Amino acid sequence: MSVIAAHYYNEGKRIREIAINERVQLDKSRSGFCWIALHEPTADELHTLQATYHLHPLAIDNAIHPLRPPTLEAYNAQLPALAHTAQLPG
């Protein structure tokens with residue numbers, strides 16, 4: 001499993017750890033979000049996230065390819081972010 005971190009945040013505070021197959025219901029204020037960080041995710045892990053959060057297929061396609069640049073794209077009511085971790089040479 002390549003999960004580095006998986007947490008639910010609300011009103012700017014980390015509330016609790018979550019599983020990548022756990023769908024979190026947002027409160028009415030919609031101030032919460034899930035942060036799931038993966039390192040070299042497998043296709044199965046990405047498809048688990050897609051099924052759990054009903055992610056757009058293009059968001060998953062972007063994440064599958066390791067050479068894709070970082071992205072932040074809106075798909076309907078979702079805002080998935082694809083980022084890369086920084087590495088120090090040497």
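Keep in mind the model is a prediction, meaning the values are calculated, not measured. Note that these values count all heavy atoms, side chains included, but never hydrogens, waters or copies made by symmetry.
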Could you tell me if the side chain of I18 sits less than 4.5 Å from the side chain of I36, heavy atoms only?
yes
Across all chains, not counting sequence neighbours, the salt bridge (Lys or Arg N to Asp or Glu O under 4.0 Å) partners of E73 are none
Quick one: closest heavy-atom pair of A6 and V3, and the distance?
CB-CG1, 4.1 Å
Check side chain to side chain donor-acceptor pair (under 3.5 Å) between T48 and all other residues, then give those that pass, not counting sequence neighbours.
none
Output all residues satisfying side chain to side chain contact (heavy atoms under 4.5 Å, CB included) with A51, sequence neighbours left out; order by chain, then residue number.
none
What pairs of residues pass the ring-ring contact (aromatic ring centres under 6.0 Å, His included) test when at least one of them lies in residues 34-55, not counting sequence neighbours?
none
Just by modelled atom types, is the I60 backbone N or O under 3.5 Å from a matching donor or acceptor in the Q50 side chain?
no
Quick one: salt bridge (charged side-chain N to carboxylate O under 4.0 Å, His left out) pairs with a partner in residues 49-67, sequence neighbours left out?
D61-R68
State, to 0.1 Å, how close T42 and S2 come at their nearest heavy-atom pair, and which atoms those are.
N-OG, 4.4 Å
Interatomic spacing from CD in E40 to CD1 in I4 - rounded to 0.5 Å
9.5 Å
Within the structure provided, determine whether R16 and V24 are in side-chain contact (heavy-atom separation under 4.5 Å).
yes
Going from CG on L55 to CG on N62, what distance comes out if it is rounded to the nearest 0.5 angstrom?
11.5 Å
Which residue pairs pass the ring-ring contact (aromatic ring centres under 6.0 Å, His included) test when at least one of the two sits in residues 4-34, sequence neighbours left out?
Y9-F33
For residues I64 and L46, determine if any side-chain heavy atom of one lies less than 4.5 Å from a side-chain heavy atom of the other.
yes
To the nearest 0.5 Å, what is the distance between CG on N21 and OG1 on T52?
5.5 Å
